[in-house]
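Since the model is a prediction, treat every value here as computed from it, not as a measurement.
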Amino acid sequence: MTLRIYNTLTGKKEDFIPLRENKVGIYACGVTVYDLCHIGHARSSVVFDVIYRYLHYRGYEVTFVRNFTDIDDKIIKRANEEGVDYQVIAGKYIEEFYTDMGGVGLERPTFEPKATDHISGMIDLISILVEKGFAYRKDGDVFFSVEKFKDYGKLSKRNIEEMQAGARVEIDEKKENPLDFALWKSSKPGEPFWDSPWGKGRPGWHIECSVMSQKYLGETFDIHGGGKDLIFPHHENEIAQSEAATGKPFARYWIHNGFVNINREKMSKSLGNILTIKDILKEWHPEVLRLFFLSHHYRSPVDYSEDSLREANTGLDRFYMTLHAIQEELKKPVAPSKKEIDPAAIANCRQAIDSFPSLFEEAMKDDFNTAQALGYFYDLQRNLNSLLDISKGHPTQEIAPMLKQGLDHFSKIGWVFGLFREDPEDYLARQRKNGLKKLNLTEEQILHIIDDRNLARKEKNWKRADEIRNDLLSRGIALEDTPSGTNWKLK
RNA sequence: GGCGGCAUAGCCAAGUGGUAAGGCGACGGUCUGCAAAACCGUUAUUCACCGGUUCAAAUCCGGUUGCCGCCUCCA
C-alpha cells in the first residue's frame with residue numbers, strides 16, 4: 001500500500017510518508033518564459049502531471065505548485081532584441097505555455113505563482129540570509145556564501161573542494177568563492193529593477209523557488225521536482241538558501257525526470273534540433289505524446305524519433321478501436337446467455353478485468369512505474385478483445401457488465417495518465433478526417449468506391465473486388481469486411 | 001579532471017536476490033471468397049564482457065569495454 005519514491009537526496013527508493021497525514025505538498029519547477037516550450041518541457045510537465053494525478057487518485061489532498069520564472073537574463077535579452085519591455089516577452093510566453101500545455105492535457109496546478117509577484121518575499125529571505133551571515137553584499141549585489149552552509153552539495157553529491165578543482169566556472173572577481181551564487185543582482189542601466197535594501201536590482205534565479213515553495217507549502221514540504229539538470233546548481237542552491245534561512249529541512253523527497261534526446265542527440269540550440277510542443281502537436285494527437293513518455297520510466301532518458309511516436313500512435317489507435325468496439329457492442333440487445341461459450345474463457349477475462357486496478361496500483365506505487373502500468377493496460381485490452389470475440393455482436397447478461405467494467409477502468413484509471421479522454425467515436429472519426437485531408441480524398445469518394453466493390457463482391461467477382469481493395473490500399477486506405485459491412489481506415 | 005547514470009530479443013521497454021512484463025515487427029494457426037481486424041501460439045536457457053559473494057544474481061561486489069548526463073543557461 002505504501003508508495004515508494006526514489007529520492008535524489010538519498011539516492012534510494014523510500015517509503016513516502018507525507019508530513020501531514022493524507023495531505024501532500026508538491027512543488028515542480030516550471031519554465032522560464034522567454035521562448036516556446038519544447039518536448040523536454042513537455043516530458044517534465046507530463047511526469048509531474050501524472051504524479052499529481054496519481055497522488056490525487058490515491059486519495060491525498062494535493063497542493064501542487066508550479067511556478068513561472070518571469071524575470072531573468074534570457075528574458076531581458078530577448079526583450080532587448082525585440083525592443084519591448086520584458087513583461088511583454090514574459091506575458092507572451094506564459095500565454096504560449098498555457099496553449100501548448102493545455103494541448104498536452106495537463107491538469108492545472110493548485111497555484112501557479114510568478115517570480116515577479118514575490119519580489120518582496122525574496123527581499124525578506126535575502127535579508128535574513130544577510131543577517132544570519134550566510135550572505136554578503138558586494139557593491140549592489142548579494143551573494144550566498146556556499147562555505148557557510150555545511151551541507152552544501154548534499155543533493156548533487158559533490159563537495160566544494162572537488163568542484164573548485166575541476167571548475168570551468170569563470171571567476172567572478174566579486175565573489176569570495178567562485179561557487180557562491182547571486183541572491184540579488186544590481187541592475188544595469190535600462191534593465192528592469194526593484195528597490196531593495198541593496199539598491200535597485202533584481203533577484204537571482206534560485207531565490208524565487210525557495211520563496212514561492214515556502215509561501216504555498218510551508219518551510220518544510222513533501223515533494224520538490226524538476227528536470228535532472230536542475231539538481232545542480234538550482235536545487236542545490238535552493239536547499240542552501242532555504243535551510244540556511246529557516247534552520248529546518250526544506251523539501252523531503254526530491255524527484256527528477258530524465259531528458260529527451262532527439263534521434264540520439266541532445267537537444268540544443270546549437271544543434272538546431274529543438275522540437276517544440278507546437279511542432280509535435282501539429283503531427284500527433286496529444287495522447288500519442290503522453291503514451292510515448294509514459295512507456296518509459298520517468299528517470300530514464302528517452303529518445304525521440306519519428307518511429308517511436310508512430311509506434312505510440314499505433315498503440316493509441318488500437319486502444320481507441322477496442323474502446324469503440326466495446327461501445328458498439330454495448331449498444332446491442334443483451335441476450336440471456338449462450339451455452340456454447342466456454343466458461344473458462346469468461347472466467348479468465350473476468351479475473352483479468354477484476355484484478356486490473358490492483359495491478360495498476362502495484363506498478364504505480366513502486367516509484368511511479370508507468371511503463372509497467374501501461375503493460376497492464378495492454379493486458380486488459382487483450383482480454384476485452386477476447387471477450388468481444390466471444391460476444392460476437394450478441395452480448396450476454398454476463399458479458400455486457402464485464403465489458404462495461406473494462407470501459408470504466410479505461411475511463412477512471414486512464415485519467416491518471418491523461419489517456420483515453422476522448423470519445424472513441426470522435427477520436428476515430430478525427431483520425432480519419434485528418435488522414436483524408438493528407439490523401440486528398442473525401443469520405444464520399446471512398447464510400448462510393450466501397451459500394452462499387454461490394455457490388456462486385458455480390459457478383460462474386462473477386463478479381464475486381466481485390467483490384468479495388470488493392471488500389472485503395474496503395475493510396476493509404478485499408479478495408480475491413482465485417483458481418484455488419486465494410487469499414488475503412490487509414491493504413 | 002571531478003561526480004553521477006546507463007548497457008535486457010530485430011527494434012522500443014519493465015524488471016534491483018528466487019529463476020526474463022508489455023509494445024512494435026516477424027512467422028504459424030483460428031476466422032475470411034481472399035484479406036484486414038481480433039484472438040491463440042512461436043519469436044532472449046538468457047540480461048555488454050571477465051571474475052567474485054550466495055543454496056540462488058539481469059539484479060549485490062570488484063574489474064574491463066562502450067555510451068550518456070551534470071560540473072556554464074537549460075525540463
Pairing nucleotide - B:rU30, Watson-Crick or G-U, each distance under 3.5 Å | B:rA38
Choose from B:rA13, B:rC71, B:rC34 the nucleotide whose nearest atom is closest to any side-chain atom of A:His296.
-> B:rA13
Indicate, yes or no, whether a donor-acceptor pair under 3.5 Å links the base of B:rG33 to the side chain of A:Asp466.
-> yes
Tell me which of A:Ala465 and A:Asn383 sits closer to the 5' end of RNA chain B, going by the nucleotide each one is nearest to.
-> A:Ala465
With P as the reference atom in both, quote the distance from B:rC11 to B:rG2 in angstrom, rounded to an integer.
-> 34 Å
Verify the contact: side-chain N or O of A:Ser300 to OP1 or OP2 of B:rC68, cut-off strictly under 4.0 Å; return yes or no.
-> no
Side-chain ion pair, A:Lys278 and A:Glu96, N-O less than 4.0 Å = yes
Integer angstrom distance from the C1' of B:rU8 to that of B:rU19 = 15 Å
Checking all strands, does A:Ala371 fall into the base, sugar-phosphate, or nothing category for heavy-atom contacts under 4.0 angstrom?
-> base
A:Trp488 ring centre to A:Arg432 NZ or CZ under 6.0 Å, with the angle to the axis within 45°?
-> yes
Phosphate OP1/OP2 of B:rC39: any A:Asn385 side-chain N/O under 4.0 Å = yes
RNA chain B: 5'-proximal contact among A:Gly258 and A:Lys463 (nearest heavy atom) = A:Lys463
Checking B:rC71, B:rA35, B:rA75 against the side chain of A:Val260 (C-beta onward), the nearest is B:rA75
Candidate nucleotides B:rC24, B:rG15, B:rC3, ranked by approach to the side chain of A:Lys157 - the nearest = B:rC3
Please determine if A:Asp73 and A:Lys185 form a salt bridge, counting it only when a charged side-chain N lies under 4.0 Å from a carboxylate O.
-> yes
With a 3.5 angstrom cut-off on both distances, give the Watson-Crick or G-U wobble partner of B:rU45, or none if there isn't one.
-> none
Ignoring backbone atoms, establish whether A:Arg318 has a side-chain N or O less than 4.0 Å from OP1 or OP2 of B:rC39.
-> yes
Between atom CZ in A:Arg264 and atom C1' in B:rC68, what is the gap in whole Å?
-> 10 Å
Just wondering, do A:Phe259 and B:rG69 stack (centres under 5.5 Å, planes under 30°)?
-> no
Taking only the side-chain heavy atoms of A:Arg382 (C-beta and beyond), determine which of B:rG23, B:rC24, B:rU16 contains the nearest atom.
-> B:rG23
Nearest to the side chain of A:Asp481, which nucleotide is it out of B:rA75, B:rA35, B:rC71?
-> B:rA35
Are the side chain of A:Gln381 and the backbone of A:Arg318 linked by a donor-acceptor contact shorter than 3.5 Å?
-> yes
Taking OP1 and OP2 of B:rA36, is either one under 4.0 Å from a side-chain nitrogen or oxygen of A:Lys489?
-> no
Can a side chain N or O of A:Asn261 be found less than 4.0 Å away from OP1 or OP2 on B:rC68?
-> no
May I ask which nucleotide in the shown strands pairs with B:rC55, Watson-Crick or G-U wobble, both distances under 3.5 Å?
-> B:rG18
Closest to the side chain of A:Asp229, out of B:rG2, B:rA75, B:rG15, is B:rA75
Per atom distances to the A:Ser386 side chain, the nearest of B:rC40, B:rG15, B:rC12 is B:rC40
Closest listed nucleotide, where the reference is the side chain of A:Asp366 and the choices are B:rC12, B:rU16, B:rA75 | B:rU16
Measure from the side-chain heavy atoms of A:Lys266 and tell me the nearest of B:rC39, B:rA35, B:rG69.
-> B:rG69
Going through the distances and angles, do A:Arg290 and A:Asp49 end up as a salt bridge (charged side-chain N to carboxylate O under 4.0 Å, His left out)?
-> CA-CA 11 Å; A:Arg290 296 184 78 110; A:Asp49 183 53; 2.6 Å; yes
Side chain of A:His297 only, please: which of B:rA38, B:rG15, B:rG2 is the nearest?
-> B:rG15
Indicate whether A:Trp462 forms a stack on B:rG33; treat it as stacked only if centroid distance is below 5.5 angstrom and interplanar angle below 30 degrees.
-> yes
Establish, for the pair A:Arg158 and A:Phe232, whether the NZ or CZ atom is under 6.0 angstrom from the six-membered ring centre and no further than 45 degrees off its axis.
-> yes
